[in-house]
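Written below as structure tokens is the structure these notes are about.
When reading the values below, keep in mind they use all heavy atoms of this one structure, side chains included, and skip hydrogens, waters and symmetry mates. Residue numbers start from 1 in every chain, and the chains themselves are labelled A, B, ... in the order their sequence lines are given, proteins ahead of strands.
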Amino acid sequence: MLTTDIILTWIHDFDKKISEKKDYLSELDTPIGDGDHGNNLARGAEAIEAALNKETPADATAALRAIAMALVSKVGGASGALYGTAFLEMAKTSRDTTKTADLLAAGLAGLQKRGGATTGEKTMIDVWAPVVTATKGGQLTQKIIDDAVAATKPMRATKGRASYVGDSSIGHLDPGAVSSGYLFTSLLEAGGAK
Amino acid sequence: MKKIMNDPKNIVAEMVEGMVRAYPQFVERLPETEALVRSDKSSMTGKVGLISGGGSGHEPTHAGFIGEGMLSAAVCGQVFTSPTPDQIYAAIKAADQGKGVFMVIKNYSGDVMNFDMAKDMADLDGIEVKSITVDDDIAVENSTFTQGRRGVAGTIFMHKILGAAADQGASLTELETLAKKVLPNIKTIAVALSGATVPEVGKPGFTLADDELEYGVGIHGEPGYRKEKMRPSKDLVKELLGKLKAAFNYQAGDKFAVLVNGMGATPLMEQFVFMRDVLNQLKDEGVNVAFTKVGNYMTSLDMAGVSLTLFKLTDDSWLDNLNYPVNTIAWTQK
């Protein structure tokens, strides 16, 4: 269940992880992308913190919407549009339910619609999809998250900028999958996965 | 890394500020954005708005092409990062004169998604928006295994053609038809001598040895198709024109516009030598070159290298559009 408190704990922890791992994420993005994933997300994390400090969200919907708007308006690139869309869809769905699995499933559907990717294409979907499945069964674990992130390493990218390097993308972790991994680790730690 | 800057975090905002204060006759900034609009509003009245945008680091693209006969507005994203939908939407609103707005997008997933989100926002407000996604870089094969070809320097020709048409009163639908017709006739390929350093990253996106070059590199340092030892200009031309010849399957008598574009750190002297060799080879092949342009138009920060764009002029009116008067920071002609 995602209460307002859990969402805030979750996102504060995610923002902290992103600023700590900023350089690592950009490094992952250098051989297969354009080397800016960490910097872009860190800018988003700062914007989320600023937005949440400015005004304490009244409910879960307001919290998710504030997070979405900070991501959409400050991150830029594909990751801004994708993360922003995911949180916007979660915000919409949160008007009807606070069940984590339903909210994450709405986020995943938003990602698929915006980016047109499916599983196996070395994108953040490869982490979101197994996490959504595990959460539905109430069984999300750190191992499931880690395995999903690691599974992107041998994949060949066919979407996003990494697709331009073709076979050379094989053997690298997908940066969006890694940052999504942090997102779900934070969720797990905040007690929101059940 | 040595760069003339203050805090790298503020480099885009400070660049935009410098640009509008240096050239107030051309551009002004939309409040609380990194989107710029034409200062001369009367030149937009009654016409379809033409906007573009993308990551920064490609200057003078895109804001340098704002002005009469070219763009109405442009959005500057962070370095090599698509601008956000709220800012693109601000540019759409500023460009709209009641006739709709046409967007020129380069084919990168971030740009496509964010411009798409901005279009959704404009739809809600009843502003009609159409677009073209430019994918002129032939270095990357267009297949089901990639995002498709990248949008690079040929985008400048798209801006020029559509800008001239919009200025002459073309409707939104006419611009869309024209853009679709022009698109497959613009093709580009590049050669890089060194990588670009993103200010916030602090080191080059890729490195080449002192005597090494790479063919087919993208404008964000995306890998090309082959590395080899440095060679004379004539040989580089032979390689790149060979690729373009195969892509167009051009014949003697075909008519082209040619753009030699510097990537940022290559002197104009070298660009002119390269253009000379391009023109020599095209002459030998019997190709008719009707329009030429040389300079830094679609740069990649401090990358060294050039790109070569050929635009096949299958319609005579396109040459008129290229020669049509334009008044912008980066392209002025009477």
So, A:Asn39 side chain and B:Val201 main chain: donor-acceptor pair closer than 3.5 Å or not? no

Minimum heavy-atom distance B:Asp86-A:Val72, with the two atoms named: OD1-O, 4.2 Å

Measure the shortest side-chain to side-chain distance between B:Lys9 and A:Glu46 over non-hydrogen atoms and say whether it is less than 4.5 angstrom. yes

Does A:Thr85 form a side-chain contact (heavy atoms from CB on, under 4.5 Å) with B:Met117? I'd like the steps, not just the answer. CA-CA 9 Å; A:Thr85 300; B:Met117 287 175 87; 3.6 Å; yes

Can you name the nearest heavy-atom pair linking A:Asn40 to B:Thr81, along with the distance? ND2-OG1, 3.3 Å

Could you look at A:Ser26 and say if it's the side chain, the backbone, both or neither that has a heavy atom under 4.5 Å from chain B? neither

B:Glu200 vs A:Asp36, test: side-chain contact (heavy atoms from CB on, under 4.5 Å). Steps then yes/no. CA-CA 8 Å; B:Glu200 273 198 85; A:Asp36 61 5; over 6 Å; no

From the list B:Glu222, B:Lys203, B:Gln87, B:His220, the residue making the most non-hydrogen contacts under 4.5 Å with chain A is B:His220

Does A:Asn53 CG have over 12 foreign heavy atoms under 6.0 Å away? yes

What do you reckon, is NZ of A:Lys21 surrounded by more than 12 foreign heavy atoms closer than 6.0 Å? no

Which portion of B:Val112 sits near chain A, non-hydrogen atoms under 4.5 angstrom: neither

Which one of A:Gly38, A:Ala78, A:Gly77 has the most heavy-atom pairs closer than 4.5 Å to chain B? A:Gly77

Taking every non-hydrogen atom, the tightest pair across B:Met113 and A:Gly115: CE-CA, 3.9 Å

Quick one: pull up OG in A:Ser163 and CZ in B:Arg150 and give me the separation to the nearest 0.5 Å. 9.5 Å

Nearest 0.5 Å, please: how far is CZ in A:Arg114 from CG in B:Asp120? 5.5 Å

Is it the case that atom NZ in A:Lys74 sees more than 12 heavy atoms from other parts of the structure closer than 6.0 Å? no

